[in-house]
There are 2 protein chains.
Amino acid sequence: MLQTDTKSRIMDAAEQLFARDGFHTTSLRGLTELANVNLAAVNYHFGSKEGLLQAVISRRLLPLNELRRQKLKTVLNQAATVGSPPPAADLLRAFIEPTLDFRNSAPGAKDFIALIGRSLSEPDETVRNYFIQQILPVFKLLFDSLQKALPDLPADILMARLQFTMGAMGHTMCSSARPKQLIPGFPAPLSDTGLVADLIRFVSAGLEAPC
Amino acid sequence: MLQTDTKSRIMDAAEQLFARDGFHTTSLRGLTELANVNLAAVNYHFGSKEGLLQAVISRRLLPLNELRRQKLKTVLNQAATVGSPPPAADLLRAFIEPTLDFRNSAPGAKDFIALIGRSLSEPDETVRNYFIQQILPVFKLLFDSLQKALPDLPADILMARLQFTMGAMGHTMCSSARPKQLIPGFPAPLSDTGLVADLIRFVSAGLEAPC
DNA sequence: GTCTATAGATTGATAGAC
DNA sequence: GTCTATCAATCTATAGAC
């Protein structure tokens, strides 16, 4: 098996541990031990623990958001050629589905998705803002597109409902990364693909609800 | 001004800091300083930092869940006398609305609501499980009631959609506790009451979406 | 019940040899 | 670039006087 370089090994371990235990709870000692690198290597390569976090986020979030942007553009272009407003469900799918596809693109991507999900409710402003800042451009594109799709929905209502959507999405990503546990008295959880498919149906219906 | 007792002052400060900074990030030193009590008082009254967390949670979550249970029962009884299944929107309202009413019931309750919201994505299993364990009975009542309200919806789909609902709710509670900040290019956020009212519309429509 | 003082462990970060 | 060794600061928890 090919041994990746030190920098990548640190990022892989960080992705895994930040997602599982949270940023603050993860110690650099445990992290470097898992990565099989020296403790001092983190500060050498990333400057600080927070610098490592930013590197871990950017590595996957930048391409993920680019994929979302492309899919949104495709939906918008299709609608433009037909001359009708883009369907809201298609726009939501373009934003949500890449998240799942992305999970299978790399071994550690699944952990990363959980890390995104958690970041929405991250207490630390630094961490949360770093995430939001990276998502904002493509989120703005989604928002503007949905305004065209649902012209009768007031902008502040749409904004609130997109917040609900992000909450549902984040929580789903977060909990689907945990080992599935059957709760007595409740049905077994859906598969990951089934979960995402129904999430899109759920938020589409929610967005189009009368107000 | 009447000075409350040591135990309450500790719990009030903990509620505030756990909600704002998270459980692990909050130090007993900062906490006892804010509460204006001695550092050792926490261990005297609550045994440990985690014991304090459990006390903080139980103090408000037990009465909140009791209120939810009562409201759900009222909806169920009304439906029973009429002889028709309970409306799903009413059931969701009975579960969600008390959360908002509760916020204004005590000075620190607003912080607590944020604490609940965050707990859903809490990495620490101990913390998360303590929350879930306390919510589970009334959540089961909601689940069973909604099965009557929506008999054609498969149980596993309903379960998934309730997860989306909890995610949307948690995220909303969490972010509405933060100081509202206007993001450039986006509309101003709704008021708290408007937000909850639309959340109920959103999740009601989502739950009843075709599958 | 409340206090001071401190134990005991763990943390992020760094200096300096190689 | 990688290592060892260590600093300086933090943390929770506790012992013991009052």
Side-chain angles (χ1 to χ4, degrees), chain A residues 2-59 115 118-119 122-130, chain B residues 1-57 59 115 118-119 122-130:
Chain A
L2 225 135
Q3 180 82 310
T4 51
D5 65 345
T6 299
K7 212 167 167 177
S8 296
R9 285 214 308 284
I10 293 176
M11 292 173 83
D12 289 344
E15 188 167 61
Q16 186 179 330
L17 293 182
F18 289 168
R20 199 192 62 187
D21 303 332
F23 176 67
H24 286 106
T25 322
T26 300
S27 77
L28 289 185
R29 285 183 164 75
L31 197 156
T32 50
E33 194 178 347
L34 177 66
N36 206 25
V37 301
N38 188 269
L39 171 64
V42 170
N43 276 284
Y44 178 80
H45 286 285
F46 302 96
S48 69
K49 190 186 179 185
E50 206 165 87
L52 169 59
L53 175 71
Q54 295 198 355
V56 166
I57 294 171
S58 295
R59 176 173 64 158
L115 187 56
R118 175 155 312 137
S119 72
E122 175 65 45
D124 188 333
E125 228 178 60
T126 320
V127 179
R128 202 178 58 243
N129 284 345
Y130 194 77
Chain B
M1 166 149 179
L2 223 136
Q3 180 81 311
T4 51
D5 65 345
T6 299
K7 211 166 167 178
S8 295
R9 285 213 308 283
I10 292 177
M11 291 173 83
D12 289 343
E15 188 166 62
Q16 186 180 331
L17 293 181
F18 289 169
R20 199 191 61 188
D21 304 332
F23 176 67
H24 285 106
T25 322
T26 300
S27 77
L28 289 186
R29 284 182 165 72
L31 197 157
T32 50
E33 196 178 346
L34 176 65
N36 206 26
V37 301
N38 188 270
L39 170 64
V42 170
N43 276 282
Y44 177 79
H45 286 287
F46 302 97
S48 70
K49 189 186 181 185
E50 207 166 85
L52 169 60
L53 174 72
Q54 295 199 355
V56 165
I57 294 172
R59 175 172 65 158
L115 186 57
R118 176 156 310 139
S119 73
E122 175 66 44
D124 188 332
E125 229 180 58
T126 319
V127 180
R128 202 177 59 242
N129 284 345
Y130 194 75

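Note on naming: letters A, B, ... go to the chains in the order of the sequence lines (proteins, then strands), and numbering restarts at 1 for each one.
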(request) Taking side-chain contact (heavy atoms from CB on, under 4.5 Å) as the test, write out the residues that go with A:Ala55, two or more places apart. (result) A:Met11, A:Phe46
(request) Given side-chain contact (heavy atoms from CB on, under 4.5 Å), test A:Thr25 with A:Arg20 step by step and report yes or no. (result) CA-CA 10 Å; A:Thr25 322; A:Arg20 199 192 62 187; over 6 Å; no
(request) Work out which heavy atom in A:Val56 is nearest to a heavy atom in A:Ala14; give both atom names and the distance. (result) CG2-CB, 3.8 Å
(message) Minimum heavy-atom separation for B:Ile10 and B:His45, please, with both atom names.
(response) CD1-CD2, 4.4 Å
(message) Applying side-chain hydrogen bond (donor to acceptor under 3.5 Å, both in side chains), can you list everything that pairs with A:Asp21, at least two apart in sequence or on another chain?
(response) none
(request) List the atom of B:Asn38, the atom of B:Ala40, and the distance in Å for their closest heavy-atom pair. (result) OD1-N, 2.9 Å
(message) Filter on ring-ring contact (aromatic ring centres under 6.0 Å, His included), then keep only pairs touching residues 22-44 of chain A, sequence neighbours left out; what's left?
(response) A:Phe18-A:Phe23
(message) Tell me the closest heavy-atom pair linking A:Ser48 and A:Asn43, and the distance in Å.
(response) CA-OD1, 3.6 Å
(message) Among residues at least two apart in sequence or on other chains, which ones pass salt bridge (Lys or Arg N to Asp or Glu O under 4.0 Å) with A:Arg128?
(response) none
(request) With a 4.0 angstrom cut-off to heavy atoms of chain B, pull out the first and last contacting nucleotide of DNA chain C, in 5'-to-3' order. (result) C:dG1 to C:dT6
(message) If I take atom NZ from residue A:Lys7 and atom CG from residue A:Leu52, how far apart are they, to the nearest 0.5 angstrom?
(response) 10.5 Å
(request) Strictly below 4.0 Å, heavy-atom distances to any atom of DNA chain D: list the hits from residues 11-27 of chain B, or just say none. (result) B:Thr26, B:Ser27
(message) For DNA chain D, which residues of residues 43-56 of chain A approach it to below 4.0 angstrom with any heavy atom?
(response) A:Tyr44, A:His45
Under 3.5 Å between N/O atoms: give me all the protein pairs with nucleotides 4-7 of chain D, atom names plus distance.
from	atom 1	to	atom 2	distance (Å)
D:dT4	OP2	A:Asn38	ND2	3.2

Only distances under 3.5 Å count here; give the side-chain donor-acceptor pairs of residues 26-35 of chain A to other protein atoms, sequence neighbours excluded, each with its distance to 0.1 Å.
from	atom 1	to	atom 2	distance (Å)
A:Thr26	OG1	A:Leu17	O	3.3
A:Thr26	OG1	A:Gly22	O	2.7
A:Ser27	OG	A:Gly30	N	3.1
A:Thr32	OG1	A:Leu28	O	2.8
A:Thr32	OG1	A:Arg29	O	3.1

(message) In this structure, which stretches of DNA chain C are paired as stems of three or more consecutive Watson-Crick or G-U pairs, both distances less than 3.5 Å?
(response) C:1-18 with D:1-18
(request) Name all residues meeting the side-chain hydrogen bond (donor to acceptor under 3.5 Å, both in side chains) criterion together with A:Ser8; count only those two or more places apart in sequence or in a different chain, and write none if there are none. (result) A:Asp5
(request) Between B:Gly30 and A:Ala41, just flag the one whose closest nucleotide in DNA chain D comes earlier from the 5' side. (result) A:Ala41
